[in-house]
Amino acid sequence: MHKKFDAAAIEQKWQQLWEEQKLYEVGQRDTNKEKEYVLVEWPYPSGNLHIGHWHAFAVPDIYVRFQRMQGKQVLYPMGFDAFGLPAENAAIKRDTDPRTWTESNIAHMKNQLKSMGNAFSWDKTTSSTDEDYYKWTQWMFTQFFENDIAFRGKGIVNWCPGCNTVIANEQVLADGTCERSGDVIEKKEMPQWMLRITNYADRLVDDLEKVDWPEHIKEAQRRWIGRSKGAEIDFKLSTGDNVTVFTTRPDTLFGATYMVLAPEHPLLEKNKKQIQNWDEVVRYIVLSTQKNEQDRLDATKEKTGVRLEGITATNPANNEEIPVFIADYVLASYGTGAIMAVPAHDERDFTFAQKYGIAIKSVVAPQKITHSGALLEVKDKPGTFLWQLRDLDAKTNSGKIGLFGGAIENDEDVLSAVVREINEELEIDLRGYDAVGSYTYPSVKSDCYISATHFSDIQSNYVLHEGEAVLELTIEELLERDNLADSLRVLLEALHGKKAFNTDLGVLHNSEEFDGMSSEDAKEAIVKKVGGRMTSTYRLRDWSVGRQRYWGVPIPIVYDPEGKPHAVPKEHLPWTLPSDVDFKPTGEAPLAKSKELKERTEKLFGAGWTPEVETLDTFVDSSWYFLRYIDNENTDALSALEQQKKWMPIDIYFGGAEHTTMHLLYSRFWQKALFDLGLVVDDEPYAKRINRGLILGPDGNKMSKSKGNVIDPDEQVSRVGADSVKMYLAFMGPYGEVANYPWDMGGIAGIRRFLERVNGLHEHFVETENSEVTKALHKTILKLRTDIRLYKFNTAISAMMQFVNLVEKQGLAKKSYEMFLKSLAPFAPHLTEELWHEAGKTNSVHLEEFPVADPSLAIDDVVTIGVQVNGKMRGAIELAPDVSEEEALLAAKGQSSIQKYLVDKNIGKVIYVPGRILNIITSD
RNA sequence: GCCUCGGUGGUGGAAUUGGUAUACACGUACGACUCAAAAUCGUAUGCCGCAAGGCUUGAGGGUUCGACUCCCUCCCGAGGCACCA
């Protein structure tokens with residue numbers, strides 16, 4: 001038995017040598033090589049590496065090393081996103097300053113990162129807190145300011161009482177709490193530095209087409225931006241004012257029977273003399289602004305509102321006079337803060353109209369009702385049935401479910417004709433089937449369609465045919481039955497006025513000259529008639545970037561004595577963060593207390609000038625770090641265009657799912673803004689993105705100190721070594737899926753065991769190896785090459801395990817051993833380097849070319865294929881992959897296990913897929 | 001409610017993209033070595049059955065010679081959005 005390898009000794013030795021040899025420094029771009037820019041999210045220097053960092057950095061390193069061994073020049077940089085609240089809070093707790101705390105953390109974490117043994121491009125590192133980094137953050141901000149991308153806005157902002165600062169919309173979680181501190185966010189009105197991300201909304205949506213990202217990330221960004229295409233339409237008030245509304249359904253304009261303004265709408269104050277119930281209106285406005293802070297998120301609350309007495313609006317489509325309300329279900333911050341309400345075709349408008357007795361006027365008839373259902377007879381109208389049909393493709397017997405059968409009003413002849421027709425088509429008797437509930441008609445072969453519009457006057461009891469039983473039920477009783485198909489329930493509710501609105505597109509009626517037109521066509525036609533404008537509106541809000549905290553990039557703005565903001569000119573950048581500040585959070589910006597900052601401002605700009613005292617959101621810092629990496633020593637530009645041309649775009653960006661609608665959206669916006677200013681070469685930074693999942697504790701829960709299930713990577717490394725930790729994380733599952741994997745102590749032991757066996761492979765050397773071994777090696781190499789490119793490191797590792805299992809039994813030649821070491825090198829860089837040298841090599845294994853498989857050696861000369869009889873697996877035969885059908889059939893017949901299924905049978909048809917399957921179909 | 005993914009042994013997960021389902025690893029059981037334990041090695045391990053054989057990829061149906069894979073309906077889970085007009 002060979003000696004166990006000493007992971008700690010090997011790893012330390014090689015890490016040191018690699019660093020001395022500058023093995024992983026990239027230096028200047030070498031255009032003889034293809035480039036590969038691999039990006040991972042730079043960490044916040046919180047003090048200690050956790051297992052998530054390993055998952056984030058060590059696993060992609062496999063891909064990085066593979067690409068290097070393919071001869072590519074790979075940039076794999078690492079840096080620190082070091083501004084932010086935790087440093088400030090820690091500094092307060094320890095009575096030190098954030099810079100000291102941050103820098104000592106960076107020093108410590110750099111060592112921990114180096115213990116991973118990754119091929120990081122340390123010569124390209126940067127940190128957001130370096131002055132030569134944030135100088136450029138500030139300069140870009142001044143460029144944005146001068147080009148009206150950054151502006152001093154005002155409005156309602158999110159105030160986090162825990163962080164004592166304003167935060168952006170993206171940083172507020174769905175439950176209304178802060179993503180960082182967990183505190184409940186308060187709404188405050190205060191002036192804010194904003195970035196006009198909303199100007200880029202269309203491009204942020206449309207350019208998603210250009211990038212190779214998983215659909216779920218794209219979709220999350222689209223939904224976050226929330227583009228709605230619709231129209232703006234002007235309504236005239238009786239006071240003479242115009243109110244513009246936004247609607248996505250201009251086709252329903254003839255059904256707009258009232259109008260609603262948001263309680264914050266500016267026209268209210270302007271028209272208060274004409275509003276006869278002004279006191280009541282004011283009370284409602286006050287109430288709703290208070291309510292907004294707590295109940296805005298509650299979608300289920302009852303709708304409230306107040307009618308504006310004395311004011312009416314005119315529906316521009318038919319010139320009808322309609323009432324005007326204020327209601328807090330209309331948000332001031334979305335669209336135009338005013339809506340046309342169409343109760344017949346919108347759920348919210350419908351419930352509001354019912355409550356306040358407003359007319360409900362249908363203008364769009366549904367074309368089809370897409371529900372599954374049942375057979376029901378209408379009591380007062382014998383022979384009148386509701387039934388369900390499926391709209392199926394006659395050929396494939398699959399397709400859309402749809403088309404509701406209609407009631408035939410008391411006309412025996414028509415009814416029986418239709419039923420007959422249907423029965424013939426369906427080849428079943430509809431009446432024979434148990435009634436309410438869904439039923440799949442197996443032999444449907446045609447598409448049937450009967451309009452459902454006859455239903456409007458059904459107000460009756462129903463006769464339910466349930467097997468043999470015939471029951472008479474009221475609508476209420478029917479709706480209570482739990483075997484009623486959901487879709488039929490919806491229809492019945494609509495028929496009985498329980499829910500008499502319909503939001504589907506359809507065909508117009510009650511709409512004068514547009515009657516009979518489809519919703520799609522009517523949208524533009526009606527907008528044109530009333531002089532409206534087709535437009536889009538967005539959910540996305542401008543990005544608020546000012547923070548009332550200390551440890552961040554000072555906003556490089558100074559105010560003249562009139563209070564007008566000016567950008568700090570380039571020659572005064574970096575506009576340094578003053579140190580003479582008590583930064584304990586009070587809600588007031590700490591920089592306001594800096595004497596030095598104040599004096600600096602007056603000295604440079606003149607008496608009466610004052611500095612901006614807010615700092616930038618740290619998401620600003622991380623919006624461009626990948627540009628700095630590639631040109632990290634440039635003193636003339638944030639990142640030279642010629643360097644960008646050599647390295648951008650980022651070929652693959654590995655990161656966490658939590659950044660989907662924050663960092664990933666912000667940095668795309670930032671890139672586009674820079675692109676418009678000619679500062680970058682492309683307007684999308686990330687060609688490809690992979691979100692990874694989470695590593696859970698051994699108990700399957702999210703790791704947390706309170707649960708006591710935290711895995712400390714340093715501890716694991718000292719137990720089994722860095723190679724084992726890295727490989728285990730890669731082995732848990734495919735990397736490119738947002739799946740969460742529990743840490744398994746047994747699992748990591750299995751990986752270490754595998755490496756131990758690799759370490760002992762020299763005991764299995766043979767002069768001439770079995771051809772099966774050679775073949776297995778080449779097949780393994782082929783699989784590694786495809787799997788690594790698809791980030792399927794788990795199956796790549798399993799292929800190598802299978803190879804080791806085989807050669808332990810059969811032995812391998814030294815040449816194959818060396819090829820295998822090279823194949824394993826990206827996964828276990830330390831051990832393979834050690835074994836490589838033990839095998840007598842003097843260069844680094846990591847400078848070797850990744851093995852290339854010889855396809856002719858990877859082909860099997862004998863394969864085992866399955867043999868089926870009538871589609872059932874009955875045995876297997878071994879034969880050459882290219883034998884003829886006749887030979888294969890002969891071999892199959894020769895096997896007794898298969899023979900017995902063929903006794904007394906004629907062979908009708910044989911399906912033979914060489915190398916795959918033989919299927920024998922008997923003809924009797 | 002809407003959108004996007006998923007659902008395969010006791011567990012993490014494989015499956016050449018329609019062709020022998022459960023690779024690899026963990027776990028478990030038994031055995032070997034050991035005074036003993038750990039470690040290591042060997043054998044077995046989807047389920048039912050003594051066996052022959054039968055069943056099995058969330059449930060049901062369809063297409064196909066053949067379905068984890070494609071189509072339809074339903075159920076369950078994760079993530080995102082949600083009074084967004």
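Keep in mind that this is a model prediction, so the values were computed, not measured. Order of the sequence lines sets the chain letters (A, B, ...), proteins ahead of strands, with each chain counted from 1.
- The residue A:K783 sits apart from the nucleic acid: no heavy atom pair falls under 4.0 Å.
- Side chains of A:Y735 and A:N794: a donor-acceptor N/O pair is absent below 3.5 angstrom, by distance only.
- Under the 6.0 Å distance and 45° angle rule, A:R541 does not count as a cation-pi partner of A:Y334.
- The nucleotide whose nearest atom lies closest to any side-chain atom of A:M873 is, among B:rC2, B:rC65, B:rA21, B:rA21.
- Here A:I921 lies in heavy-atom contact (under 4.0 Å) with sugar-phosphate atoms only.
- When heavy atoms are screened at a 4.0 angstrom cut-off, A:F731 is found touching base atoms of the nucleic acid.
- You'll find that the side chain of A:R348 is closest to B:rA85, out of B:rG13, B:rA85, B:rC24.
- At distances below 3.5 Å, not a single donor-acceptor pair connects side-chain atoms of A:N691 with backbone N or O atoms of A:I217.
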Self-check item: Bracket string, RNA chain B, 5' to 3' - pairs by Watson-Crick or G-U geometry under 3.5 Å, | interstrand
Solution: (((((((..(((......[....)))((((((.......))))))(((....)))..(((((..]....))))))))))))....
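- In this structure, A:R753 reaches the sugar-phosphate backbone alone: every heavy-atom distance under 4.0 Å involves primed, P, OP1 or OP2 atoms, never a base.
- Against the 90° criterion about 0, the sugar-base torsion of B:rG54 places it in the anti range.
- Within residues 784-797 of chain A, the residues having any heavy atom closer than 4.0 Å to RNA chain B are, in order of number, A:K792, A:N794, A:T795.
- There is a side-chain donor-acceptor pair under 3.5 Å between A:D251 and A:S519.
- For A:Y258, the side-chain hydrogen bond (donor to acceptor under 3.5 Å, both in side chains) partners two or more places apart in sequence, or in a different chain, are A:Y329.
- Atom CD in A:Q868 sits roughly 12 Å away from atom C1' in B:rU64 (whole-Å rounding).
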